[in-house]
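One structure below.
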Amino acid sequence: MFKLGIAFASSAVILGGCAPHLHSLRQDDSPDLVSGEFVHEGAPHLTLATRKRRYVAEGFEIHRHTDLAELQRRYKGTDPKHWDRIFAGHDRSHEVYSAEPIPRAQDGAELSCRLTWGAGKPPQGICQDQSGKEYQVRFD
């Protein structure tokens, strides 16, 4: 019975760790967008909808950026333990992520998006349609 309990608890942790991180569009930033979702872990996925179209982008790249030179300058002399944790990859709070998905509607219309977010912070950015109209996007 004890082994069964451990196996069940282990599978729950494994399954829980694999869940995608879903962000919902904040409605107050761009009233022309009526809904949206952004998943940046696992298989990246962005969905945005206006009153006329639903745009979808899947499988785009997520880029991770860390300015190690700046962090080394800031922490190596003043807080060497912190620098060692950053350099070893144990402190990821200084990482910044970005993505440039191109969501498409069924009729061929496209949005060109640029999104950025810090570790533990919600994604935000701008999407622009083919006519040049910009949509501010921020996710919860």
Side-chain angles (χ1 to χ4, degrees):
M1 186 67 171
F2 178 72
K3 289 181 183 179
L4 180 63
I6 290 177
F8 178 73
S10 297
S11 65
V13 169
I14 291 169
L15 291 174
C18 295
H21 197 152
L22 174 71
H23 297 277
S24 297
L25 182 70
R26 289 181 50 177
Q27 296 301 128
D28 56 342
D29 291 328
S30 189
D32 293 328
L33 295 172
V34 295
S35 66
E37 294 181 342
F38 180 52
V39 175
H40 55 82
E41 293 177 3
H45 182 88
L46 173 65
T47 304
L48 295 169
T50 65
R51 288 179 179 78
K52 297 179 180 182
R53 292 185 176 107
R54 182 174 182 267
Y55 298 88
V56 177
E58 296 177 312
F60 48 88
E61 292 185 23
I62 304 294
H63 301 278
R64 181 175 63 180
H65 315 276
T66 305
D67 187 348
L68 287 176
E70 170 61 24
L71 292 171
Q72 181 180 17
R73 186 189 65 73
R74 183 182 308 163
Y75 293 111
K76 191 168 185 180
T78 60
D79 192 350
K81 287 183 181 180
H82 190 180
W83 164 248
D84 289 343
R85 288 182 13 169
I86 294 168
F87 188 73
H90 299 298
D91 182 347
R92 297 184 176 247
S93 64
H94 303 280
E95 293 177 348
V96 176
Y97 300 88
S98 65
E100 294 186 8
I102 300 176
R104 291 177 177 83
Q106 285 186 339
D107 65 1
E110 293 180 347
L111 295 175
S112 178
C113 299
R114 291 184 177 199
L115 305 172
T116 61
W117 63 99
K121 297 184 179 171
Q124 62 183 357
I126 295 177
C127 293
Q128 186 176 33
D129 68 16
Q130 293 164 313
S131 71
K133 182 175 182 174
E134 290 187 348
Y135 302 91
Q136 297 287 329
V137 292
R138 289 196 310 171
F139 296 88
D140 289 330

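Computed over heavy atoms, backbone and side chain alike; hydrogens, waters and symmetry mates excluded. Please read these numbers as outputs of a predicted model, since none were measured by experiment.
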Distance from [X] atom [atom1] to [Y] atom [atom2], nearest 0.5 Å?
X    : Y    : atom1 : atom2 : value
D32  : L48  : CG    : CG    : 12.0 Å
Y97  : H63  : OH    : NE2   : 13.5 Å
L25  : H23  : CG    : NE2   : 12.0 Å
Q124 : F139 : CD    : CZ    : 10.5 Å
Y135 : L33  : OH    : CG    : 6.5 Å
E58  : T47  : CD    : OG1   : 7.0 Å

If Ile, Leu, Val, Met, Phe, Trp and Tyr residues are connected whenever their side-chain heavy atoms lie under 4.5 Å apart, and connections chain through other members, are F38 and V56 in the same group?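 No, F38 and V56 fall in different hydrophobic clusters.
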Hey, does [Y] have a side-chain heavy atom less than 4.5 Å from the side chain of [X]?
X    : Y    : answer
V96  : R64  : no
L115 : P101 : yes
F60  : L46  : yes
V137 : C127 : yes

Give a yes or no on this: more than 12 heavy atoms of other residues, nucleotides or ligands lie within 6.0 Å of atom CD of Q130.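 Buried by this count: over 12 neighbours within 6.0 Å.
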Ring center gap for H40 and W117 short of 6.0 angstrom: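 H40 vs W117: aromatic centres under 6.0 Å.
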Go through the structure and list residues passing ring pair (Phe, Tyr, Trp, His ring centres under 6.0 Å) with Y55, not counting sequence neighbours.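 Counting only residues at least two positions away or on another chain, Y55 forms no ring pair (Phe, Tyr, Trp, His ring centres under 6.0 Å).
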Could you give me the CA-CA distance, side-chain angles and deciding distance for R114 and S98, then say whether side-chain contact (heavy atoms from CB on, under 4.5 Å) is met? CA-CA 7 Å; R114 291 184 177 199; S98 65; over 6 Å; no
Hey, can you pull the donor-acceptor pairs under 3.5 Å for the side chains in residues 104-113, sequence neighbours left out?
unit_1, atom_1, unit_2, atom_2, d
R104, NE, E110, OE2, 2.8
R104, NH1, I102, O, 3.3
R104, NH2, E110, OE2, 3.4
D107, OD1, R53, NE, 3.3
D107, OD1, A109, N, 3.1
D107, OD2, R53, NE, 2.7
D107, OD2, R53, NH2, 3.1

